[in-house]
Amino acid sequence: MCGGGAAGLRAGRPFLLPSDGGVATFQVLGPHGELIGTIEREKALRGRGLRTRWTVSQPGGPEMVGYKGRIVWWFVWWLCLPLMVVLVVITVFDSVPGNEGGAARAPRRIRWRAAGRMPLEFRSGGDKLHLHAPEVDWRLGAALVALVRSFSAVNWDGQKT
């Protein structure tokens, strides 16, 4: 269970449903247990494509599908990966304090599309989710941004001790 406390009750609480095969499904519930929406995350290279796929749906609404990063930027990132490995090795042995961030981070922008529109957009600069469609429940958006941030490699790496 993600979220919690009074803020989690107001903003919607995502609950992980049993799943397998690299797919994580979350139900977002309101304070009275009503279903606000469902969020599904499918890992990259697991059946449907090269990028991580995020699917958001609300009861009675269209399915919104978004992919992490643009394919062109992923291609550039993979081409530069050998150079980034060399930069990381250099910065590890470099004695300059604060010079640990030698590698470029992977593309993170996500644009959700539904019925020819872009109702949701997550921008990596500032880690913000933009709701472009008024019919999208803001509590579903709050749960979505918490989940997208929790699956970020930066957050996982930053928690290692």
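Counting from 1, the numbers follow the sequence of the chain as shown.
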Enquirer: Is a donor on one side and an acceptor on the other found under 3.5 Å between the side chain of Trp112 and the backbone of Trp54?
Expert: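 Indeed, once roles are kept as given, a pair shorter than 3.5 Å links the two residues.
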Enquirer: I need the minimum non-hydrogen distance between Glu40 and Val23, along with the two atoms involved.
Expert: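 Closest pair (atom of Glu40, atom of Val23, distance): CG-CG1, 3.6 Å.
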Enquirer: Measure across Val136 and Pro119 and return the closest heavy-atom pair with its distance rounded to 0.1 Å.
Expert: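 Between these two residues, the closest heavy atoms are CG2-CB, 4.2 Å.
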Enquirer: I need the Leu144 CG to Phe26 CZ distance, nearest 0.5 Å.
Expert: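 Output value for this atom pair is 10.5 Å.
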Enquirer: Among pairs that include at least one residue of residues 27-37, which meet salt bridge (Lys or Arg N to Asp or Glu O under 4.0 Å), considering only residues two or more places apart or in two chains?
Expert: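 Output for this query lists Glu34-Arg139.
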Enquirer: List the atom of Pro59, the atom of Ile36, and the distance in Å for their closest heavy-atom pair.
Expert: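 Result for this residue pair: CD-O, 3.2 Å.
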Enquirer: Side chains of Thr38 and Thr25, heavy atoms from C-beta outward: is any pair under 4.5 Å?
Expert: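 Counting from C-beta outward, Thr38 and Thr25 do come under 4.5 Å.
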Enquirer: Is Val56 linked to Val65 within one hydrophobic cluster, defined over Ile, Leu, Val, Met, Phe, Trp and Tyr using a side-chain heavy-atom separation of less than 4.5 Å?
Expert: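 The answer is no; the residues belong to distinct hydrophobic clusters.
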Enquirer: With sequence neighbours excluded, give me every salt bridge (Lys or Arg N to Asp or Glu O under 4.0 Å) pair touching residues 22-32.
Expert: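 Not a single pair qualifies under salt bridge (Lys or Arg N to Asp or Glu O under 4.0 Å).
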Enquirer: Is there a path of hydrophobic side-chain contacts, each under 4.5 Å between heavy atoms of I, L, V, M, F, W or Y residues, that connects Leu129 with Ile110?
Expert: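 Both belong to a single hydrophobic cluster.
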Enquirer: Run the salt bridge (charged side-chain N to carboxylate O under 4.0 Å, His left out) test against Glu63 and tell me which residues pass, sequence neighbours left out.
Expert: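 Glu63 satisfies salt bridge (charged side-chain N to carboxylate O under 4.0 Å, His left out) with no other residue.
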Enquirer: Supply the atom-to-atom distance Gln27 CD to Leu35 CG, rounded to the nearest 0.5 angstrom.
Expert: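 Interatomic distance, Gln27 CD to Leu35 CG, rounded to 0.5 Å: 5.5 Å.
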Enquirer: Any heavy-atom pair between the side chains of Gln58 and Leu140 that's under 4.5 Å?
Expert: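 Side chain of Leu140 against side chain of Gln58, heavy atoms only: contact under 4.5 Å found.
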Enquirer: Which pair of heavy atoms, one from Met118 and one from His132, lies closest together, and at what distance?
Expert: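 That would be O-CB, 3.3 Å.
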Enquirer: Going by the rule salt bridge (charged side-chain N to carboxylate O under 4.0 Å, His left out), which residues pair with Arg117 if we only count those two or more places apart in sequence or in a different chain?
Expert: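 With neighbours one apart ignored, the set is Glu135.
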Enquirer: Rounded to the nearest 0.5 Å, how far apart are CG of Leu131 and CD of Glu121?
Expert: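 Those atoms lie 11.0 Å apart.
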Enquirer: Which residues satisfy the salt bridge (charged side-chain N to carboxylate O under 4.0 Å, His left out) test with Arg51, sequence neighbours excluded?
Expert: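 Partners of Arg51 by the salt bridge (charged side-chain N to carboxylate O under 4.0 Å, His left out) criterion come out as none, since no residue qualifies.
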Enquirer: Could I get the full list of side chain to side chain contact (heavy atoms under 4.5 Å, CB included) partners for Ala146, not counting sequence neighbours?
Expert: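 Counting only residues at least two positions away or on another chain, Ala146 forms no side chain to side chain contact (heavy atoms under 4.5 Å, CB included).
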Enquirer: Applying the side-chain hydrogen bond (donor to acceptor under 3.5 Å, both in side chains) test to Tyr67, which of Arg113, Glu42, Arg53, Arg111 qualifies?
Expert: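 Going through Arg113, Glu42, Arg53, Arg111 one by one, the side-chain hydrogen bond (donor to acceptor under 3.5 Å, both in side chains) with Tyr67 is satisfied by Arg53 alone.
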